[in-house]
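Worksheet: one structure, shown below.
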Amino acid sequence: MGISELGNSKSSRFKPWSFENIAMAPNILLMCKLLVMLILAHHFYYKLDDPFIPFIKAFDYFNTTPGIFKTTLRIVFIIALSALFLNLYVRTSCIVLGSIIFIQQLASIPHFENHTFVVGCVLLLAGLSHRKHTPILLILQLSLIYFGAFINKILDVDWINGVFVDNWLSNARQNPPYLFISEMLPEKWLALFLSWVAMLNELSISIILLLKKYRSYTIWIILFFHTVLFTFTSSRFGHFYEDILIILLAFLLWPKGQISIEYKKSISSLTKLYNLLDWDKKFRWALSNNNNKYWLQLKTSTGELYTNYNAVRKLLTSTPSFFILLFCFDAFIILLFYNERAIVFILNLIIIWSLFLFFLPMIWSKLFKSK
Amino acid sequence: MKIRLLIGVLFLLIQVCSVIYARFIPERFFCWGPYDIQTKFEVTVVIDNKKLSFKESKERYRYKTKGWEQRSIHNIFLLISQYESTYGKNDNAKVSINYSTNGKAQQVWEYQN
């Protein structure tokens with residue numbers, strides 16, 4: 001067995017904590033599992049119900065025998081979800097889960113939500129993608145989302161003249177930063193500026209995503225755009241913000257094979273702790289000799305070298321449990337301060353911007369390298 | 001692999017068609033256009049001369065009947081008219097929606113079986 005091989009795929013079956021050697025690239029599998037966890041956290045299971053004011057009126061036929069439609073969907077959902085998390089037929093599970101989401105959306109107009117629909121789209125396309133190839137379907141999907149959003153806006157006169165943004169932020173949201181800043185500027189100037197920034201941003205994202213050479217930059221633009229939006233509006237837009245953050249995992253350059261790490265004795269306790277998070281046993285730890293000027297040195301199987309804080313960044317972004325813990329921590333904060341949304345928002349801001357600034361100095365081409 | 005890729009591309013093309021189709025209808029579903037319109041609205045439902053409370057009307061349509069709608073208000077028109085022409089057609093409900101889109105003048109939409 002060479003350094004780039006970690007064993008056969010059977011070793012990953014029935015192990016929800018394993019992401020390697022499965023019929024899906026580790027980062028895409030991670031993305032799928034997190035998306036499913038996200039919709040579960042938003043009570044998706046209970047939204048699987050009999051048809052009610054469906055988009056396709058033929059669905060009303062199932063209401064002649066109440067409960068059959070709902071029960072069938074729920075059973076299939078549980079089976080597909082279990083298969084996904086147990087690493088069994090993961091691609092098929094994702095296709096099934098995506099399809100269930102579409103059926104649920106089509107079966108009920110009141111339940112239609114863009115932030116749920118996007119999860120269905122991504123799961124389906126992830127299931128149709130091959131682990132050894134560039135996730136081109138996901139790239140096209142993301143590009144289409146932003147292009148669709150741009151088209152909807154550019155053809156709306158209320159976006160062109162800033163009326164929508166002004167009404168949204170001043171009347172609907174009564175957004176304090178917007179109200180404060182806009183008072184200092186000529187009428188609707190800020191709204192106009194924000195409108196056009198949003199539209200041009202969406203257009204540029206949709207185009208540059210398709211350009212392999214600049215894709216990595218677009219990822220950061222997406223991150224920045226949505227995080228700024230969240231910062232100023234305090235809104236996650238359903239769970240669309242989380243959707244996008246999780247979907248971007250598909251664009252991580254996931255190191256193949258084992259990763260060798262050398263560390264100084266002074267941080268040995270931290271490395272032992274980190275070993276607990278290494279569920280796939282991907283990292284091979286070794287004490288570095290005293291001559292090594294770096295306190296942490298990471299080397300991938302393809303020969304890429306990272307040192308000190310860059311090594312920490314690479315380490316974290318190559319560890320599925322890091323993202324899972326972030327997700328769980330976010331859920332924990334929301335539950336803990338459920339009735340104190342201002343506290344949740346402030347904590348979210350601190351964590352999000354800290355992470356953003358910590359990972360920003362990464363050499364983009366080494367992390368989000370275009371595949 | 002190629003078949004899967006083909007299915008994926010076909011699925012994306014369906015979405016492209018949906019985005020284009022949305023240009024010709026007032027509703028905004030499956031076209032990646034949420035939060036493009038802000039409408040303040042209030043639904044009034046009268047059945048047998050009795051006005052339903054907001055809670056009752058919300059239970060009727062399983063959708064909010066008061067507040068802000070971040071998608072096209074026509075989405076709500078479609079929802080209500082489809083309900084009243086199917087499940088609720090024997091109720092002979094009179095529905096009216098007072099709404100204002102993007103802060104503009106108030107308008108009224110009415111539906112009656």
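Letters A, B, ... mirror the listed sequences (proteins, then strands); counts begin at 1.
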Where on [X] is there a heavy atom nearer than 4.5 Å to chain B: the side chain, the backbone, both, or neither?
X        : answer
A:Leu144 : both
A:Ile145 : both
A:Val165 : neither
A:Trp168 : both
A:Asn114 : both
A:Phe237 : both

Could you state the interatomic distance from [atom1] ([X]) to [atom2] ([Y]), rounded to the nearest 0.5 Å?
X        : Y        : atom1 : atom2 : answer
A:Ile95  : B:Ile7   : CD1   : CD1   : 7.0 Å
B:Gln38  : A:Asp158 : CD    : CG    : 11.5 Å
B:Gln82  : A:Phe55  : CD    : CZ    : 8.5 Å
A:Leu229 : B:Tyr35  : CG    : OH    : 10.0 Å
B:Leu5   : A:His130 : CG    : NE2   : 11.0 Å
A:Ile139 : B:Leu12  : CD1   : CG    : 11.5 Å

Could you check whether atom [atom1] of [X] has more than 12 heavy atoms from other residues, nucleotides or ligands sitting under 6.0 Å from it?
X        : atom1 : value
B:Lys40  : NZ    : no
B:Tyr111 : OH    : yes
B:Glu59  : CD    : yes
A:Lys47  : NZ    : yes
B:Lys64  : NZ    : yes

Aromatic contact, B:Trp32 with A:Phe117 (centres under 6.0 Å):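 Between A:Phe117 and B:Trp32, which both carry aromatic rings, the centre distance is below 6.0 Å.
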Proximity of A:Phe52 and B:Tyr61 rings by center, below 6.0 Å: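 No - the distance between ring centres of A:Phe52 and B:Tyr61 does not fall below the 6.0 Å cut-off.
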Are [X] and [Y] packed together at the side-chain level, in the sense that at least one heavy-atom pair is separated by less than 4.5 angstrom?
X        : Y        : value
B:Thr101 : A:Phe164 : no
B:Val16  : A:Phe147 : no
B:Phe30  : A:Phe102 : no
A:Arg173 : B:Trp68  : no

A:Asp60-B:Tyr87 side chain donor-acceptor pair, cut-off 3.5 Å: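 A pair is found: one side chain offers a donor N or O, the other an acceptor, under 3.5 Å apart.
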Donor-acceptor side-chain pairing of B:Arg23 and A:Asn152 below 3.5 angstrom: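 Looking only at side-chain atoms, A:Asn152 and B:Arg23 do form a donor-acceptor pair, the distance falling under 3.5 Å.
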Kindly give the heavy-atom pair with the smallest separation between [X] and [Y], and that separation in Å.
X        : Y        : result
A:Trp159 : B:Asp36  : NE1-O, 2.9 Å
B:Val19  : A:Gly148 : CG1-CA, 4.3 Å
B:Gln15  : A:Gln141 : NE2-OE1, 2.7 Å

Region of B:Lys104 that comes under 4.5 Å of a non-hydrogen atom in chain A: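 Only the side chain of B:Lys104 comes within 4.5 Å of chain A.
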Structural part of B:Ile37 lying under 4.5 Å from a heavy atom of chain A: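 Both parts, heavy atoms under 4.5 Å.
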Chi angles and distances behind the side-chain contact (heavy atoms from CB on, under 4.5 Å) call for A:Gln105, B:Phe29: CA-CA 10 Å; A:Gln105 297 278 283; B:Phe29 293 112; over 6 Å; no
Winner by heavy-atom pair count (cut-off under 4.5 Å) against chain A, out of B:Phe11, B:Tyr83, B:Tyr63: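 Looking at each option in turn, the highest pair count goes to B:Phe11.
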Chain B contacts, top residue of A:Ser170, A:Ala198, A:Pro54 (heavy-atom pairs, under 4.5 Å):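 If we count pairs closer than 4.5 Å to chain B, A:Pro54 comes out on top.
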Residue pair B:Arg62, A:Asp49: steps toward the side-chain contact (heavy atoms from CB on, under 4.5 Å) verdict: CA-CA 12 Å; B:Arg62 297 187 199 172; A:Asp49 208 339; 4.3 Å; yes
